[in-house]
Amino acid sequence: MSMFAVAAIAVLVSIMLALVRAFTGPTVFDRILAVNATGTLTVVLISVYGFLDGRPEFLDIALLYALINFIGTVAVTKYVKFKDLGFPQDDRDEGDL
Amino acid sequence: MSLDLALDILSWACIIGGAFFALVGAVGILRLPDVYSRMHAAGMIDTLGIGLILIGLMLQAPAWIVVMKLGLILAFVFFTSPTATYALARAALDGG
């Protein structure tokens, strides 16, 4: 079995395990963490599948999904923390994070 | 020992190591007791898991542009994953 197939199978099993935590986790922060890990593993899976199929052009898609995953995680965290996606209250001089 | 064989052995080692850390991190996310300890396991996936697998892929790349794209993905994930983990940990601390 080629090394790309081994990597793809291992990453698929890891995605399934992380998704179990996304479904069962008692707090919302467990779920955000599990979805962030699933997104990072999806980036790896897209890259490995690109090499498996002999088309390294899939790396562009993987880079794009890495960007989307980061922005999505920070946006959901900000919404859960502040209940608002706009600016936080004016008397706080801290930032969004 | 030709260069192709050496590159194959090295990339096998990197990909097996990266897959191992991804599996250990995923089992850690599932089995650890608290959300803060689960963040340690997720951080292991974000750095060692993706890092070793992408380095293993870099050694098998057909052209230099592919190596640069993989390096770009790696640099981006290395810079943004601790930021997202920090934001999440701070929100978990403030919110409960």
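Proteins come first, then strands; the chains are lettered A, B, ... in the order of their sequence lines, and each starts at number 1.
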Could you look at [X] and say if it's the side chain, the backbone, both or neither that has a heavy atom under 4.5 Å from chain A?
| X | answer |
| --- | --- |
| B:Ile15 | side chain |
| B:Ser81 | neither |
| B:Val35 | both |
| B:Ile53 | side chain |
| B:Leu54 | side chain |
| B:Ile65 | neither |
| B:Val24 | neither |

Is [X] close to chain B through its backbone or its side chain, or both, or neither, when contacts mean heavy atoms under 4.5 Å?
| X | value |
| --- | --- |
| A:Leu41 | side chain |
| A:Ile15 | neither |
| A:Ser2 | backbone |
| A:Phe70 | side chain |
| A:Ser47 | both |

- Query: B:Leu88 and side chain to side chain contact (heavy atoms under 4.5 Å, CB included): which partner among A:Leu33, A:Val76, A:Asn36?
  - Reply: A:Leu33
- Query: Considering the options A:Ile46, A:Leu52, A:Val48, which one meets the side chain to side chain contact (heavy atoms under 4.5 Å, CB included) requirement together with A:Phe58?
  - Reply: A:Ile46
- chain A: which of B:Ile29, B:Leu30, B:Ile16 shares the most heavy-atom pairs with it under 4.5 Å? B:Leu30
- Item | Leading residue by heavy atom contact count with chain A [cutoff under 4.5 Å; candidates B:Leu23, B:Asp8, B:Ile45] | B:Leu23
- Any donor-acceptor N/O pair, A:Arg21 side chain to A:Ala34 backbone, under 3.5 Å: no
- Item | Steps toward side-chain contact (heavy atoms from CB on, under 4.5 Å) verdict (A:Leu17, B:Val27) | CA-CA 7 Å; A:Leu17 292 175; B:Val27 169; 3.8 Å; yes
- Task: Taking all heavy atoms of A:Pro56 and all of A:Gly54, pick out the closest pair and write down the distance.
- Result: CD-O, 3.6 Å
- Note on the structure: Looking only at A:Ile9, A:Val80, A:Thr27, A:Leu67, the option with the highest number of non-hydrogen pairs under 4.5 Å against chain B is A:Leu67
- Message: Between A:Asn69, A:Val44, A:Thr24, who has the most heavy-atom pairs with chain B when the cutoff is under 4.5 Å?
- Response: A:Val44
- Are B:Tyr86 and B:Leu93 linked, directly or through other ILVMFWY residues, by side chains that come within less than 4.5 angstrom of each other? no
